[in-house]
There are 2 protein chains.
Amino acid sequence: MLNLERQDEILAILSKNRSATVGELAKALYVSEATIRRDLIEMDHLSMIRRTHGGAVLSRNTALESAFAVREMTRLTQKRMICGLAIELIRDNSTLILDSSSTVMAIIPLLQRFHHLTVATYGIRTALMLSNLKNVDVYIVGGRVENFSNSVLGVPANDFLATVNADFALLSCSGINSHGEITDDSLETAQLKRVIVQRADKILLLCDSSKFDRTMMNTALRLENADYLITEKKPSVEYANLIQKNGCQLICGERI
Amino acid sequence: MLNLERQDEILAILSKNRSATVGELAKALYVSEATIRRDLIEMDHLSMIRRTHGGAVLSRNTALESAFAVREMTRLTQKRMICGLAIELIRDNSTLILDSSSTVMAIIPLLQRFHHLTVATYGIRTALMLSNLKNVDVYIVGGRVENFSNSVLGVPANDFLATVNADFALLSCSGINSHGEITDDSLETAQLKRVIVQRADKILLLCDSSKFDRTMMNTALRLENADYLITEKKPSVEYANLIQKNGCQLICGERI
DNA sequence: CCATTTATGCTTGTTTATGCTCATATTATA
DNA sequence: TATAATATGAGCATAAACAAGCATAAATGG
């Protein structure tokens, strides 16, 4: 077995189990422990992994790289359910604005049922997925491409969206807190969302239940900005009241 | 068996097995191990594979390949070679404009070797692939997303690029004819390319040899607009003269 | 037609990868 | 804390792989 091939294999094993001992790896790859150690030293040096006494664990760096892929996969059932509820509000021939979140991306396959839609987005993967739908005209904002969030951001992005007139905006967020603040983990996406709520007739906020009681770095919107809050699970009475008080209609998978 | 043909075969073998030893490859392709090693050195330099003591492993550019199955591109070896020539002209800290073609996409893995680059593009897959490179700041134009060509087009796209100042523009085309016309199969990409040649200091035209003697729907540029024409195979004397007469420098894999 | 270049194969000295042993360092446990 | 158990790093030997230089044959160019 070749050197690099073995290192690939080590990475694969670590991805599965999160960590592994030198002994385990040596046994699995039919080489001596000395060889494994030499591999680990090299891989550690390249920040592919982190060595520990006795073995190695995945480096946080590697985890970060696939951050979006992971986000995309997690809570997929919840996301599908939320999108199933949201799609009922959309009408044929509408114009939509979509954010770049994985939650909102889950609605894309459902858009095929409409005769025609026009969609603007600042999500680069979102745009790519949308472009495969025959019945949708897709527009993407211009600007700087940010890998972590798969977003196109910056002044041109704001300017572009400021000229769009949409029927619906579908937004997600990183957290909702008990002050009715809808928060995001980036200044720029927060700013973009403030532009978007000015440009769409109805604002649909799609949030799975894990977002409640979380406050992130930047307050993007307030609950009163949203026309609908769509979630898969009945929120606490406190939040249900808060939502109602802000003139926002709560839609959820469970009976309220 | 020709050089490039053999390298294609090596790639095919590696795609099947993920890795191969020098000995295996030599036996499979009926050449000496020295020849295989020389191929592997070259292919490693183009990031097609990773060399390792004893053989080679498929380049595990997970980040890059997630965006697009680069390996499924037609005429990949030719494109790699063209890009291997083009990369030599690029300098650290440059600003580039890339079109949305698959030919130009093949240069993306090679950009990792630079310390820093700024890249603007109207290709949506191109932008997504680029965004995985840590050393590159990526900008995408805004506009309508066209699925067929993976391009972002329209007035905003033109406007965006009209404000960019770049050191290099890397463009491909659908056809070059004996009148020195560089032609495209869409009015809008042709128009965009006319904007781009105004905004970049050096225009690099990347065309595999199949593009010669073909005229498509729209004349985007003329040979005199290009500073370099980069191709993998020596063009006919007629074309070589035409290129030279238009003040365009011909760079090709074969000796002129 | 001859001069050059290019691709390939062969030979040889050098480098690399690996496993083994043993002294040292780290962790676990009594 | 002291002691046992385990992991580690360094040095060494060996076999395999490698780079470089040279020679030959084919392709290319004038």
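To find a chain, count down the sequence lines: A is the first, B the second, and so on, and within it residues start at 1.
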Original post:
Does a salt bridge link R144(A) with D137(B), judged by any charged N lying under 4.0 Å from a carboxylate O?
Top reply: no
Original post:
How is T52(B) classified with respect to the nucleic acid when contacts are heavy atoms under 4.0 Å: base, sugar-phosphate, or nothing?
Top reply: sugar-phosphate
Original post:
Which pairs pass ring-ring contact (aromatic ring centres under 6.0 Å, His included) with one or both residues in residues 109-128 of chain B, sequence neighbours excluded?
Top reply: none
Original post:
What integer distance in Å separates L29(A):CG from dA17(C):P?
Top reply: 17 Å
**OP:** Specify the separation, in whole Å, of atom CD of E24(B) and atom P of dA16(D).
**Re:** 16 Å
Original post:
E238(B): what forms a side-chain contact (heavy atoms from CB on, under 4.5 Å) with it, not counting sequence neighbours?
Top reply: S178(B), S236(B)
Subject >> N or O in side chain of K234(B) less than 4.0 angstrom from dA27(D) OP1/OP2 >> reply: no
If you restrict it to nitrogen or oxygen atoms, what contacts under 3.5 Å exist between nucleotides 24-28 of chain C and the protein, and what is each distance?
none

**OP:** In whole angstrom, give the distance that lies between atom CG of D44(A) and atom P of dG9(D).
**Re:** 10 Å
Original post:
So what does G55(B) hit on the nucleic acid, given a heavy-atom distance under 4.0 Å: a base, only sugar-phosphate, or nothing?
Top reply: sugar-phosphate
Subject >> Main-chain N/O of P109(B) paired to Q112(B) side chain as donor or acceptor, under 3.5 Å >> reply: yes
Subject >> Rounded distance in Å - CZ (R37(A)) to C1' (dG11(D)) >> reply: 15 Å
Original post:
Looking at residues at least two apart in the chain, or sitting in another chain, which of them share a salt bridge (Lys or Arg N to Asp or Glu O under 4.0 Å) with K202(B)?
Top reply: none
**OP:** Could you state the atom-to-atom distance from CZ of R6(A) to P of dA17(C) in whole Å?
**Re:** 9 Å
Original post:
By salt bridge (Lys or Arg N to Asp or Glu O under 4.0 Å), which residues pair with E33(A), not counting sequence neighbours?
Top reply: R37(A)
**OP:** Mind checking side-chain contact (heavy atoms from CB on, under 4.5 Å) for N17(A) and listing every partner two or more places apart, or none if nothing turns up?
**Re:** I13(A)
**OP:** Under the salt bridge (Lys or Arg N to Asp or Glu O under 4.0 Å) rule, collect the residues that match up with E181(A), sequence neighbours excluded.
**Re:** none
Subject >> Partner set under salt bridge (Lys or Arg N to Asp or Glu O under 4.0 Å) for R75(B), not counting sequence neighbours >> reply: D208(B), E232(B)
**OP:** Figure out the CE/C1' separation between M1(A) and dT18(C), and round it to whole Å.
**Re:** 15 Å
Subject >> Between P of dC18(D) and CG of D39(B), the distance in whole Å >> reply: 13 Å
Output side-chain donor-acceptor pairs under 3.5 Å for residues 241-249 of chain B, partner residues at least two apart or in another chain, one line each.
unit_1: N241(B); atom_1: ND2; unit_2: V237(B); atom_2: O; d: 3.4
unit_1: N246(B); atom_1: ND2; unit_2: L242(B); atom_2: O; d: 2.8

Original post:
For the helix from dC1(C)-dG30(D) to dA30(C)-dT1(D), how many degrees between its two end axes (five pairs per end), to the nearest 10°?
Top reply: 50°
**OP:** May I have the distance from I41(A) (atom CD1) to dG9(D) (atom C1'), rounded to whole angstrom?
**Re:** 8 Å
**OP:** Please list all pairs passing the ring-ring contact (aromatic ring centres under 6.0 Å, His included) test where one or both residues lie in residues 201-246 of chain B, with sequence neighbours left out.
**Re:** F212(B)-Y239(B)
Got a list of protein N/O to nucleotides 9-14 of chain C N/O distances below 3.5 Å?
unit_1: dG9(C); atom_1: OP1; unit_2: S32(B); atom_2: N; d: 3.4
unit_1: dG9(C); atom_1: OP2; unit_2: S32(B); atom_2: N; d: 2.7
unit_1: dG9(C); atom_1: OP2; unit_2: S32(B); atom_2: OG; d: 2.8
unit_1: dG9(C); atom_1: OP2; unit_2: T35(B); atom_2: OG1; d: 2.4
unit_1: dG9(C); atom_1: N7; unit_2: R38(B); atom_2: NH2; d: 2.7

